[in-house]
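The chains referred to below are lettered A, B, ... by the order of the sequence lines, with proteins before strands, and numbering in each begins at 1.
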Amino acid sequence: MELDVRQTVDWMVKANEKVQEQKDYLSQLDRAIGDGDHGINMARGFQEIANTLPNEEFEEVSDVLKKTATIVMSKVGGASGPLYGTAFLKMSMESKGSNVDGETFEKMVGAAVEGLKQRGKAKEGEKTMIDVWSPVLDVLKEVSEINGEKIREAAHTAMEATKDMVATKGRAAYLKERSKDHLDPGSVSSYYLFEALAETLEKG
Amino acid sequence: MELDVRQTVDWMVKANEKVQEQKDYLSQLDRAIGDGDHGINMARGFQEIANTLPNEEFEEVSDVLKKTATIVMSKVGGASGPLYGTAFLKMSMESKGSNVDGETFEKMVGAAVEGLKQRGKAKEGEKTMIDVWSPVLDVLKEVSEINGEKIREAAHTAMEATKDMVATKGRAAYLKERSKDHLDPGSVSSYYLFEALAETLEKG
Amino acid sequence: MANVDIVLVSHSEKITEGIRFLIEEMVGGVSVQAAGGNEAGGIGTSFDKVQNAFKNVGEAGAVVFYDLGSSQMNAEMAIEMLELENVHLSSAPIVEGAYLAAVESSVGKSVNEILEELEIEFGKVNS
Amino acid sequence: MANVDIVLVSHSEKITEGIRFLIEEMVGGVSVQAAGGNEAGGIGTSFDKVQNAFKNVGEAGAVVFYDLGSSQMNAEMAIEMLELENVHLSSAPIVEGAYLAAVESSVGKSVNEILEELEIEFGKVNS
Ligand SMILES: Nc1ncnc2c1ncn2[C@@H]1O[C@H](COP(=O)(O)OP(=O)(O)O)[C@@H](O)[C@H]1O
Ligand SMILES: Nc1ncnc2c1ncn2[C@@H]1O[C@H](COP(=O)(O)OP(=O)(O)O)[C@@H](O)[C@H]1O
Ligand SMILES: [Mg+2]
Ligand SMILES: [Mg+2]
Ligand SMILES: [Mg+2]
Ligand SMILES: [Mg+2]
């Protein structure tokens with residue numbers, strides 16, 4: 001099964017719906033270990049994405065992701081703006097000229113994870129969105145197709161696992177041990193993104 | 001021979017005359033290796049001193065110097081404000097309750113030099129006003145009275161010697177080797193201060 | 001007991017105001033006492049402004065940041081002259097250091113604990 | 001050839017304006033390109049502002065300073081996306097580093113020479 005242009009647009013529109021629904025929850029999570037703006041940041045950026053993508057023509061998935069990256073970079077702000085911007089941009093570059101089958105999608109998420117690590121100077125276990133993206137990559141390596149349900153499951157488990165981690169990157173790192181017992185906001189928004197993907201794939 | 005209250009006031013008034021006359025020259029020196037405001041800084045501060053001291057009553061020399069220190073700190077600004085402010089304050093503290101004879105004056109300048117070194121985190125040879133104050137202290141240690149002519153001479157030679165030095169403290173330090181072949185502005189203004197002292201002592 | 005204050009001594013009033021807003025918006029709950037620029041609001045330092053900033057420090061004390069050399073001298077002189085006990089100068093960078101110190105202060109750290117954190121982050125900072 | 005530019009990426013427009021005035025008044029002869037605050041002028045970073053600042057860099061290149069983590073990410077991303085060659089990021093403190101870099105630039109130093117000076121003064125700064 002492949003991810004096509006229409007589905008990619010649907011994916012982003014659905015991601016926006018989740019972000020808007022959970023806007024206050026995301027900000028609340030960020031208030032506990034950050035500056036409390038993650039919901040506002042994500043809602044601002046994804047609203048613009050949902051307003052823009054359905055009204056444009058795209059040749060291929062790569063182009064949808066490139067447009068998404070550009071909007072995210074300009075509109076999200078904070079740390080998550082450049083991070084999500086980098087992730088979408090790397091996925092766009094990796095898929096340029098290809099149909100997005102399971103193998104390509106694995107490479108795309110692989111490039112996104114590399115990009116996130118480089119941009120954030122971070123690795124797994126530091127209580128950042130990388131702790132969701134990286135386990136999703138692992139599951140993609142195990143399966144040959146884009147298996148929405150497995151992705152959703154892996155992302156969910158990974159998101160919950162950030163609760164026990166101590167932040168060593170980003171604003172939450174200032175809190176050290178006190179960052180424990182809280183979910184990482186960027187990991188939760190990343191979960192919504194992958195949940196939206198799973199639902200898009202289910203719908204077909 | 002002792003330095004009394006009236007002479008100390010005269011000293012500062014005369015120092016102001018020199019600073020006003022040489023205002024542009026001091027700024028020009030500071031333009032070469034600094035930000036060009038040393039003349040303005042000194043003229044602003046010493047004008048206020050000359051306006052204030054003659055109209056006030058002082059019990060002892062220490063009080064004149066304390067008032068001078070206060071005005072210098074508030075009005076001179078830049079690096080030279082806290083430096084001259086510290087020098088005058090230390091001289092005031094060291095002379096508190098004493099008549100200012102040769103021995104006391106030596107102690108006072110000694111305290112000023114210590115204060116300048118501590119405040120500026122500097123020592124001799126770094127192309128700062130310390131390179132005038134410290135040789136003046138040396139000459140005071142050699143003689144038992146306050147010998148105006150020797151002080152003036154030592155200060156003059158010391159001021160000229162800053163030309164060959166490379167600055168390692170203050171704004172001029174940014175220029176490194178290029179700070180050579182220029183007189184240090186703060187050393188020149190310090191020379192005027194000691195020249196004014198010599199002239200005051202001559203006049204009696 | 002109240003949180004430790006942040007004192008800023010800079011050559012520019014805009015810099016101190018910018019840091020103040022940064023801390024108010026991104027940290028909160030910490031008082032910032034600032035002395036930026038000369039008397040006339042131009043580039044420079046004013047010992048009178050510095051003294052006033054120090055006079056407003058609360059009972060929990062303060063960590064003090066400066067930018068260029070003469071700001072440091074003015075800050076040191078004010079601390080000595082006002083004989084302030086629980087107020088310490090840090091040589092950590094003014095923006096980055098003040099932000100970190102504000103975060104630490106906002107969770108109730110003491111002056112010494114904040115200086116320790118600054119030292120871990122920026123190397124030896126306490127003079 | 002013109003002097004190396006200074007690029008400032010900060011969460012606060014007041015901070016970038018303050019540094020700009022400091023450099024103009026105390027150094028002179030050096031162009032400062034600034035991206036401070038978010039779109040609305042509040043606390044934050046704006047990638048569009050960052051991109052614009054980079055687009056104004058002159059032929060001699062630039063040394064770039066940032067304050068908090070996300071300013072760094074935005075600056076790095078802009079450098080990569082605009083494929084700027086002679087523009088380098090420094091992790092030196094934004095006020096103190098930019099001031100030193102401006103002094104060096106004002107006497108005609110190159111980007112690499114300025115980065116070396118920054119490294120001597122602030123430790124490893126070039127990423
Ligand atoms: N250095 C980093 N590397 C990876 N992810 C990071 C880093 N810094 C922050 N994040 C992610 O960004 C999220 C915070 O985003 P957001 O609140 O929008 O930005 P900000 O922290 O600038 O206010 C965190 O929850 C974390 O997942
Ligand atoms: N760290 C220091 N230690 C001793 N003297 C210093 C120091 N920094 C500067 N000076 C003196 O101050 C003078 C410059 O004074 P001024 O121009 O008024 O201040 P600024 O350099 O802040 O503009 C220098 O010529 C030097 O004599
Ligand atoms: Mg946040
Ligand atoms: Mg934020
Ligand atoms: Mg000067
Ligand atoms: Mg000056």
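Around atom NZ of A/Lys169, more than 12 heavy atoms belonging to other residues, nucleotides or ligands sit under 6.0 Å away. Annotation: A/Glu59, atom CD; neighbour count of heavy atoms from other residues, nucleotides and ligands within 6.0 Å does not exceed 12. At most 12 heavy atoms of other shown residues, nucleotides or ligands fall within 6.0 angstrom of atom NZ in A/Lys123. By the neighbour-count criterion of 12 heavy atoms within 6.0 Å, atom CD of A/Glu103 is sparsely surrounded, having that number or fewer from other residues, nucleotides or ligands. Within 6.0 Å of NZ on D/Lys49 lie more than 12 heavy atoms contributed by other residues, nucleotides or ligands.
Heavy atoms closer than 4.5 Å to chain A are found in both the backbone and the side chain of D/Asn74. Interface remark: D/Glu39 contributes side-chain atoms only to the contact with chain A (heavy atom separation under 4.5 Å).
In this structure, D/Met81 and A/Met73 have side chains that are in contact, with non-hydrogen atoms separated by less than 4.5 Å. Inter-residue side-chain proximity for A/Thr86 and D/Glu80 is flagged as unmet; no heavy-atom pair is nearer than 4.5 Å.
Of the listed residues A/Leu89, A/Val76, A/Leu83, the one with more heavy-atom pairs under 4.5 angstrom with chain D than any other is A/Leu83.
Atoms CD1 and CG, from D/Ile43 and A/Asp35 in turn, are 11.0 Å apart once rounded to the nearest 0.5 Å. How far CD of A/Gln118 is from CE of D/Met73: 11.5 Å, rounded to the nearest 0.5 Å.
Contact record, D/Ser70 with A/Pro82: O-CG, 4.3 Å, taken as the closest heavy-atom pair.
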